[in-house]
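Scope of the values below: all heavy atoms of this structure, side chains included, with no hydrogens, waters or symmetry mates. In what follows, chains are A, B, ... by sequence order, proteins preceding strands, each numbered from 1.
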Amino acid sequence: MTAPPGRVLPRSFYERAAQQVARDLLGKSLLHRVAWGVRVARIVETEAYLGEHDLASHASRGRTARTEVMFGPAGHAYVYFVYGMHFCFNVVTGREGVASAVLVRGVEGQRGIPAGARTDGPGRLTRALGIARAENGLDLTTSALCILDGPRPPRGSVRRGPRIGVDYAGRWADRPLRFWVEGSPGVSRPPRSRARPRRRGGR
DNA sequence: CTATTGATGGTC
DNA sequence: ACCATCAATAGG
């Protein structure tokens, strides 16, 4: 049976500390209305980026044309192009003027997404949901792109740890600002343990 | 299984 | 020059 649709999250949800929003986004559904229908996916992995003082954040290098939307009001999409190939989707959080945001790193397809399509990893999920440059800056409370309320993951299934791919950020690299739902196939994995854990006795 | 590299382009 | 990435490949 289909789960209840859930309400569109209000702006007040996003007007909080990025760590809190990152944690609370787990279990919510990202929805995108596209020309030929709608695509929906459950969020299972996020990372919080705290602001200009956070050396892992794009905002740490100041306010530029690219990072402009992060400095704006909460509840808007910050979409950027990375590695010449992929788009990453973030939601702006906190007070206007404070450049904090949450990167969505993994989802599970729920509707409108081809069966078998991989949606783990920030680059893969934007491709699956049809999120690209045109979606940068969209208001998640009034546009074709939004996030629906959904059941919180079972208590005990939420894990947290250091963010991925930010080793250059000094001590900020170690902060446990990544959140994920343990056991979900939508959670990205470090390249090395991507295969199934098929290990019985030890060593 | 691990390690390495190529693709591909905006940002500053 | 540097990436908030992914896939494909070569080697153990």
Show me the protein contacts with nucleotides 6-8 of chain B, counting only N or O atoms at under 3.5 Å.
| unit_1 | atom_1 | unit_2 | atom_2 | d |
| --- | --- | --- | --- | --- |
| B:dT8 | O2 | A:Tyr83 | O | 2.6 |

Would you kindly give the [atom1]-to-[atom2] distance between [X] and [N], to the nearest whole Å?
X	N	atom1	atom2	answer
A:Glu45	C:dA4	CD	P	16 Å
A:Met70	B:dT11	CE	P	13 Å
A:Asp167	C:dC3	CG	P	10 Å
A:Arg178	C:dT5	CZ	P	11 Å
A:Arg163	C:dT5	CZ	P	12 Å
A:Leu125	C:dC6	CG	C1'	13 Å
A:Tyr80	C:dC3	OH	P	13 Å
A:Asn136	B:dG10	CG	P	14 Å

Tightest non-hydrogen contact, residues A:Leu55 and A:Tyr168, listed as O-CE1, 3.6 Å
If you take all heavy atoms of A:Leu9 and A:Leu25, which pair is closest and at what distance?
CD1-CD2, 4.3 Å
Taking atom CZ as the centre, does A:Arg63 end up with more than 12 heavy-atom neighbours from other residues, nucleotides or ligands that are less than 6.0 angstrom away?
yes
Can you tell me if A:His58 touches the phosphate of B:dT11, counting only side-chain N or O atoms and a distance under 4.0 Å to OP1 or OP2?
no
Less than 4.0 angstrom between a side-chain N/O of A:Tyr168 and OP1 or OP2 of C:dA4, yes or no?
yes
Go through the steps to decide whether A:Val79 and A:Thr126 satisfy the test side-chain contact (heavy atoms from CB on, under 4.5 Å), and finish with yes or no.
CA-CA 9 Å; A:Val79 180; A:Thr126 51; 5.6 Å; no
Would A:Ser60 and A:Ser57 count as having a side-chain donor-acceptor pair, cut-off 3.5 Å?
no
Describe, in one word, how the ring planes of A:His58 and A:Tyr80 are oriented to each other, choosing from parallel (under 30°), tilted (30 to 60°) and perpendicular (over 60°).
perpendicular
Using a strict 4.0 Å threshold on nitrogen-to-oxygen distance, state whether A:Asp54 and A:Arg175 make a salt bridge.
no
Tell me which nucleotide, if any, is Watson-Crick or G-U wobble paired with C:dA1 when both distances must be under 3.5 Å.
B:dT11
Determine the contact category for A:Arg105: base if any of its heavy atoms lies under 4.0 Å from a base atom, sugar-phosphate if only primed atoms, P, OP1 or OP2 are that close, otherwise nothing.
sugar-phosphate
Given C:dA4, C:dC6, B:dG10, identify the nucleotide with an atom nearest to the side chain of A:Arg124.
C:dC6
